[in-house]
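Just so it is clear: chains get the letters A, B, ... in the order the sequence lines come, proteins before strands, and each one is counted from 1.
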Number of protein chains: 2
Amino acid sequence: MSSPSGHRGPPSRRRQSGRATIGAVAQAAGVSRATVSRVMNGLPTVDPELVERVRAAAAALGYEPDGTAQSLALGRTGVVGIIVPDLGNPVFQAVLRGLSSAAGDRDYRVLIADSHERAEEEPILAREIRRRSDGLVLCAPRMPDEVLRQVATVRTPVVLLNRRLDGLGVPTVSVDHAHGMRAIAGHLAGLGHRRVAYLSGPANSAANRVRLATLRTAGTGRFALHQVAGGAHFEDGHDAVERILATGATAVVGYNDLVAYGALARLAELGRSVPGEVSVTGFDDIPFARYANPSLTTVAIPLEELGRQAWNRLWAHLAGEEPSPDVQFAPELVVRHSTGPAPVAR
Amino acid sequence: MSSPSGHRGPPSRRRQSGRATIGAVAQAAGVSRATVSRVMNGLPTVDPELVERVRAAAAALGYEPDGTAQSLALGRTGVVGIIVPDLGNPVFQAVLRGLSSAAGDRDYRVLIADSHERAEEEPILAREIRRRSDGLVLCAPRMPDEVLRQVATVRTPVVLLNRRLDGLGVPTVSVDHAHGMRAIAGHLAGLGHRRVAYLSGPANSAANRVRLATLRTAGTGRFALHQVAGGAHFEDGHDAVERILATGATAVVGYNDLVAYGALARLAELGRSVPGEVSVTGFDDIPFARYANPSLTTVAIPLEELGRQAWNRLWAHLAGEEPSPDVQFAPELVVRHSTGPAPVAR
DNA sequence: TTGTAGGCGTTATCAA
DNA sequence: TTGATAACGCCTACAA
């Protein structure tokens, strides 16, 4: 209310309280600002004595170059952004980790925006992040194609994660979900399961559609498939177990590790043996999957590597190099202890 | 090598490829740059017709104000930074989530730096992040006091997380680990455990020192305490189980949930019943703790709330408000299913 | 209501 | 080797 523009932002106090500027240092050292700049950036073409004077003055004043001013002058920020739908999801945490780590190797930092699953916010966040960074990694599984097309059609480098968008030449790092799901189907069929429940993900999730469709196709003639409404979180899996058991399925295929984990927990509460009575599979291979009890059979997506590959493409663009070709990972099945032979007695 | 300054940075191409500027829009709309600025910021004192012209021109040119230039002119970036020792640790993930969420409510974004547990990097990262942001949240459990003092003694607002530093008036959000550990000691003693193993954390971790010392004190006269070397990760807990069992302890107190989780997994592999033969406790209450099998008895630190409180203090400083008093959370025991009465037979 | 002009802090060009 | 000086793109008194 106090702000004239109606913003809720804080007082935009210019003249940062007392922060020393390059001019102050120049004055104190008796040189020009240009020389201070050269010293601060370690350019070799400065008289050693002046270097010393400048260093001393800078130290005395506690001077540090202002990043914003540097960014403006240099035309680059040294920052890349990432938009994720849910920071609480281990999948995006891992991707973020990979991105942050790879970017850090080049002294780039990561600016982060969490859309909290509100797809309609994402275009806005994308604009905002782009204005503050040199490039953007977009994880927006639920964003409608047309919106995505708009967001991706900008001069700022953008890399799409786990989402294809043909036509425009937007670099993409994706995952062949079908490949992974076929492996799961084969694994379960081979174990003798004839009645399988798919614990589904969010209806508007592209990954969910692909995973379900693949499971249906791959299972045809091998097992009956029941679909049970789920979601993307623990609770969704936890709460779906009774409905799953009602189908008489001997194996449940979770949309992702999280729902599988939830199902596992509920099954334990109910005293059902896994995999003795029911087998359970996940998808993604989040770090906790191997520590489930029983450990979770799943499909391993190299999540951190996705983040790193996204960085590689961003970096190629920033450095003006040839754009790396799109990558698509074929995730492999990881058999652990949550799956076993179908129980013989029916 | 191609860069004169020895930097490994990318080409600092000034003149961002064709990006429209405020001047271009002004020219296209036949008004001054000041007017464009007013329109873009929604100032009401502009003739509706001009507003329309400017809007159209901006849209036609795909103009968007440059964030860096705005930051420089306004003297604020709209960004806060956070330094964490390990982005892979659920504890810091949760803190980050709380910070990001709270900051987002004020349209602030979060710039992140992961020190990968290398404490000596942290001062450097801190400087770098500060230059690009309006304030900094510091999670640096292993940083030496003297270094911390230097890092915290700057004009940029800093908030310390889970770390006290007396003398300077640096806002702090902390946790009373002793309070939580006393609760665990009481809980186990009450269940009849007379021989307890402490699965320790990193030796140079302040939290580890406090937790261990408290457990020792609180256990005196109630149970014998064995210390077993551990760490901060799954594997450390997993690999310590044999040594724990060798002590004959009937209860193991994990330094944190992660090591407790690892211990749980190993105990299951060995066919040991939890809590029938051995009870296990954690610390922190990370999201996965409740989904362990058996679910993990632990001490609940309001991790996201820590992040939010850190933001509150940063915001107070940014808004020039009265600095909120330091907070210290007294985390409470959460009894789940990994603890039970000590086995009678010895 | 609009435009002019100066400033934000830094880097880079070009003479000297 | 050093120093003026002009960008970088935007915001904002101040004047008209």
Side-chain angles (χ1 to χ4, degrees), chain A residues 3-5 7 9 11-27 29-54 58 61 63-78 130-132 134, chain B residues 3-5 7 9 11-27 29-54 58 61 63-78 130-132 134:
Chain A
S3 180
S5 64
H7 272 332
S12 58
R13 44 181 165 140
R14 312 193 37 168
R15 180 135 282 156
Q16 293 252 33
S17 55
R19 227 167 126 46
T21 72
I22 197 174
V25 176
Q27 193 163 3
V31 299
S32 73
R33 296 177 306 174
T35 296
V36 176
S37 174
R38 291 192 265 258
V39 172
M40 296 306 291
N41 292 315
L43 297 206
T45 67
V46 183
D47 185 293
E49 186 194 316
L50 288 191
V51 171
E52 205 37 61
R53 288 227 306 270
V54 169
L61 295 172
Y63 168 71
E64 292 196 28
D66 179 281
T68 302
Q70 287 182 316
S71 296
L72 184 59
L74 292 171
R76 61 184 215 87
T77 62
R130 268 197 341 246
R131 296 170 355 113
R132 306 191 181 301
D134 297 336
Chain B
S3 181
S5 64
H7 271 334
S12 60
R13 43 179 165 146
R14 306 181 58 156
R15 178 137 281 154
Q16 294 253 30
S17 55
R19 230 167 123 45
T21 73
I22 197 174
V25 176
Q27 192 164 4
V31 299
S32 73
R33 295 179 309 173
T35 295
V36 175
S37 174
R38 290 191 265 258
V39 171
M40 295 308 290
N41 293 314
L43 297 206
T45 68
V46 183
D47 185 292
E49 187 194 317
L50 288 191
V51 172
E52 205 36 60
R53 288 226 306 269
V54 170
L61 295 172
Y63 168 72
E64 291 196 30
D66 179 281
T68 302
Q70 286 183 317
S71 296
L72 184 59
L74 291 171
R76 59 182 216 89
T77 62
R130 266 196 344 242
R131 294 167 358 107
R132 307 190 178 304
D134 298 336

Atom CZ of R19(A) to atom P of dG7(C): distance rounded to whole Å? 21 Å
Taking every non-hydrogen atom, the tightest pair across R131(A) and P65(B): NH1-O, 2.9 Å
Which sits closer to the 5' end of DNA chain C, T68(A) or A34(A), going by the nucleotide each is nearest to? T68(A)
Nearest whole angstrom, please: distance from the C1' of dT10(C) to the CE of M40(A). 12 Å
Expressed in angstrom and rounded to an integer, what is the separation of Q27(B) atom CD from dG9(D) atom C1'? 15 Å
According to a strict under-4.0 Å criterion, is S37(A) in side-chain N/O contact with OP1 or OP2 of dT10(C)? no
Examine the base of dG3(C) for any acceptor or donor lying under 3.5 Å from a partner atom in the side chain of R38(B), and report the outcome as yes or no. yes
From the list dG3(D), dT4(C), dT10(C), which nucleotide is the closest neighbour of the side chain of S32(B)? dT4(C)
Taking all atoms of both residues into account, what is the closest heavy-atom pair of L61(B) and A20(B), and its distance? O-CB, 3.8 Å
What is the separation between atom CG on N41(A) and atom C1' on dG9(C), rounded to the nearest whole Å? 13 Å
In whole angstrom, what separates R33(A)'s CZ from dA7(D)'s P? 14 Å
Between P on dT2(C) and CD on E52(B), what's the gap in Å once rounded to a whole number? 13 Å
For dT1(C), does OP1 or OP2 lie under 4.0 Å from any side-chain N or O of T45(B)? no
Per L74(B) side chain, nearest of listed nucleotides dT10(C), dT12(D), dC10(D): dT12(D)
Would you say Q70(B) reaches dC11(D)'s phosphate, i.e. side-chain N/O to OP1/OP2 under 4.0 Å? yes
Please find the pair of heavy atoms, one from Y63(B) and one from I22(B), that lie closest to each other, and give the distance. CE1-N, 3.5 Å
When rounded to the nearest 0.5 Å, the distance separating CD of Q70(B) from CG of N41(B) is 6.5 Å
Where the side chain of D47(A) is concerned, which of dG9(C), dC10(D), dT2(D) is the nearest nucleotide? dT2(D)
What is the distance, to the nearest angstrom, from the CD1 atom on I22(A) to the P atom on dA12(C)? 11 Å
Within the structure shown, what part of the strands sits under 4.0 Å from T35(A) by heavy-atom distance: base, sugar-phosphate, or nothing? sugar-phosphate
With a 3.5 Å distance limit and no angle check, can you tell me whether R53(A) reaches the backbone of A29(A) through a side-chain donor-acceptor pair? yes
In whole angstroms, how far is the P atom of dT1(D) from the CZ atom of R53(A)? 16 Å
